[in-house]
There are 2 protein chains.
Amino acid sequence: MKSPAPPRKRNPGESRQRILDAAARHFGEAGFDGARVDVIARTARINKQLLYHYFGNKDALFTHVLERAYQQLREQESALNLDGLPADEAILALVNFTWKFYLSHPDFIRLLNSENQMQARHLKRSRRIAAINAQHLKIYRSLIARGQREKTVRGDLDPLQLSINIASLGFFYLMNRHTLSTVFKSDLNSERMQRKRLEVMRDVIGRWIRADRK
Amino acid sequence: MKSPAPPRKRNPGESRQRILDAAARHFGEAGFDGARVDVIARTARINKQLLYHYFGNKDALFTHVLERAYQQLREQESALNLDGLPADEAILALVNFTWKFYLSHPDFIRLLNSENQMQARHLKRSRRIAAINAQHLKIYRSLIARGQREKTVRGDLDPLQLSINIASLGFFYLMNRHTLSTVFKSDLNSERMQRKRLEVMRDVIGRWIRADRK
DNA sequence: GCGTATACTAACCAACCAGTTGGTTATAAC
DNA sequence: GTTATAACCAACTGGTTGGTTAGTATACGC
């Protein structure tokens, strides 16, 4: 005979946090449509209704998870101190940072992937997402400008395209490593291949941004 | 009062084809988990059981759709006649081809995306997928070798990394255009931005593969 | 013109799943 | 202590969904 669960100590902050953590993991693993609200509630060790109490519905929960993931990325990016580096090296440091962030937050790329499959229908309704990402392009823009003053970065770089290039070279590799490894019969996930990938990315970006020699 | 549907003329080839077409569209739109077998059957204007008759289950149908999509890509790629071009230009022609293929087959990238969210569980069981992709790296490898003989391509290029770079710069941009457009408040889908993206990709790859001047 | 493989269909089913109902109990403010 | 608020829960619901059952119709070989 199972005795009823003892009444739990109340801790609203922690319960909310546990729901968001469990949701990030499960949404990341299964995608929005594949994820089950019951699984999230069970993993978070709270009742399903508490989840609905805090977040309203599955879509709103997903939106929260996405916003929090972006926030973590942009906060860490903004905390980088790149002022001590020459601008061209600082841009390569952003390549490293982006790669490391993807590697250490596997849910992030999977969450974004699911959101894009749904044509960003959650982000489009988010009122916080613009503010969260406000600093990102400014960082890139000012590094490009400084690099031009320092004569190490070419004059016609578009910060948006630079940001997309850096993101895409790492994001695609990690997100698609399962199909790529299968199709080309090589384990892209190995330590060795991951190190090699970072070198290739630095090389590609480095050659692209460098000022042409006279 | 609805009269019963008149018995349909038999046409096994066409029915199969209609199921695959409808499945490619719907799986592409909704992803594997978001897609509904009933919707595919209705769109293909056949009975659901006919779909099960031909393909067994939802997973097997998805596998067929994926294999067919890869096959289309690789067949068109192999049909490209690049022998008339200098090797460095031929590689840039592959950049153009890949981009154009993604643009004209929007389901392809979405299908692959869904498959990667599921960690390639369908492709991993496919017995046809290796054969379908067999020529791809050979094309890249031989172009690199020829470029080295022609002294226009650097000596240390890895065909796998080159292929991944070309794929990622276009794939990521198109697959993530919804979140990117939202986050950075600019319409990446516009004709102008698409043209610009292709130019950037050609520039990035071009500078990366070029032999260093003495 | 008969037998059989296969193209094709309608109706059904059990499991699943997002969200709800209808509460109880801890906490804090007064 | 009384009361308001919010944390927390078990059990339920109704629509959905992948897959099945039990068959009829057609084409084709012989």
Side-chain angles (χ1 to χ4, degrees), chain A residues 1-27 29-66 114 118 121-122 125, chain B residues 1-27 29-66 114 118 121-122 125:
Chain A
M1 272 236 266
K2 219 173 176 181
S3 52
R8 141 166 3 202
K9 279 278 163 58
R10 294 187 172 202
N11 195 335
E14 199 206 291
S15 291
R16 254 187 88 97
Q17 206 53 42
R18 277 228 305 280
I19 294 169
L20 283 173
D21 290 344
R25 263 223 313 285
H26 188 50
F27 277 135
E29 278 164 17
F32 180 81
D33 285 319
R36 298 295 161 240
V37 176
D38 292 80
V39 171
I40 295 170
R42 205 182 321 131
T43 314
R45 279 169 294 134
I46 50 89
N47 188 277
K48 189 162 59 147
Q49 171 51 14
L50 192 59
L51 184 157
Y52 279 93
H53 176 61
Y54 282 128
F55 297 102
N57 59 39
K58 193 184 180 186
D59 286 278
L61 175 60
F62 188 82
T63 306
H64 269 266
V65 168
L66 255 187
S114 184
M118 298 180 282
R121 74 164 201 248
H122 300 96
R125 281 183 212 132
Chain B
M1 273 240 261
K2 219 172 177 179
S3 52
R8 148 171 351 212
K9 279 276 164 58
R10 295 190 169 199
N11 194 335
E14 199 205 292
S15 292
R16 254 186 89 97
Q17 206 54 41
R18 278 226 305 280
I19 293 170
L20 283 173
D21 290 343
R25 261 222 316 286
H26 188 49
F27 277 134
E29 277 164 17
F32 181 81
D33 285 318
R36 300 292 163 242
V37 176
D38 294 81
V39 171
I40 295 170
R42 203 181 324 130
T43 313
R45 278 169 295 134
I46 49 89
N47 188 278
K48 190 162 59 149
Q49 173 51 17
L50 191 60
L51 183 158
Y52 279 93
H53 176 60
Y54 282 128
F55 297 101
N57 59 37
K58 193 184 179 184
D59 285 278
L61 175 58
F62 188 82
T63 305
H64 269 266
V65 168
L66 254 186
S114 184
M118 297 181 282
R121 74 163 200 250
H122 300 96
R125 281 182 213 133

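Every chain is numbered from 1, with letters handed out A, B, ... down the list of sequences. When reading the values below, keep in mind they use all heavy atoms of this one structure, side chains included, and skip hydrogens, waters and symmetry mates.
Remark: A:Asn57 is not in phosphate contact with C:dA18, judged by side-chain N or O atoms under 4.0 Å from OP1 or OP2. Of the side-chain N and O atoms in A:Arg36, one or more sit less than 4.0 angstrom from OP1 or OP2 of C:dA18. Side-chain nitrogen and oxygen atoms of A:Ser15 include at least one within less than 4.0 Å of the OP1 or OP2 phosphate oxygen of D:dC8. For A:Tyr54 and D:dA7, the shortest distance from a side-chain N or O to OP1 or OP2 is below 4.0 Å.
Taking atom CD on A:Glu14 and atom P on C:dT27, their separation rounds to 14 Å, with Å as the unit. As a whole-Å value, the separation of A:Phe55 CZ from D:dC8 C1' is 15 Å. One can place CG of A:Leu51 at 10 Å from P of C:dG19, the figure rounded to the nearest angstrom. Computed from coordinates, the A:Lys48 NZ to D:dA11 C1' distance equals 11 Å when rounded to whole Å. Atom pair A:Arg45:CZ and D:dC9:C1' shows a separation of 16 Å (rounding to whole Å applied). Atom-to-atom, NE2 of A:His26 to P of C:dC17 comes out at 9 Å; the value is rounded to the nearest Å. Look at NE2 on B:His53: it is 20 Å from P on D:dG18, rounded to the nearest Å. Between the P atom of D:dA6 and the CZ atom of A:Arg16 lies a distance of 13 Å, rounded to the nearest Å.
Listed nucleotides D:dA6, D:dG18, C:dA18 differ in distance to A:Lys58; the shortest reach to its side chain belongs to C:dA18. For B:Leu50, the side-chain atoms get nearest to C:dC8 when compared with the rest of C:dA18, C:dC8, D:dC9. When distances are taken from the side chain of A:Asn47 to each of D:dA10, C:dA18, D:dG18, the shortest belongs to D:dA10.
The nearest pair of heavy atoms linking A:Ile19 to A:Ile40 is O-CG2, 4.0 Å. Closest heavy-atom contact between A:Ala41 and A:Asn47: CB-C, 4.3 Å. When every heavy atom of A:Ala35 is checked against every heavy atom of A:Ala30, the shortest pair comes out as N-CB, 3.7 Å.
When heavy atoms are screened at a 4.0 angstrom cut-off, B:Ala35 is found touching the sugar-phosphate backbone but no base atom.
A distance of 6.0 Å or more separates the ring centres of A:His64 and A:Tyr54.
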* Given the rule in the side-chain contact (heavy atoms from CB on, under 4.5 Å) test, do A:Arg25 and A:Thr43 qualify, once you have shown the distances and angles that lead to the verdict? -> CA-CA 10 Å; A:Arg25 263 223 313 285; A:Thr43 314; 3.4 Å; yes
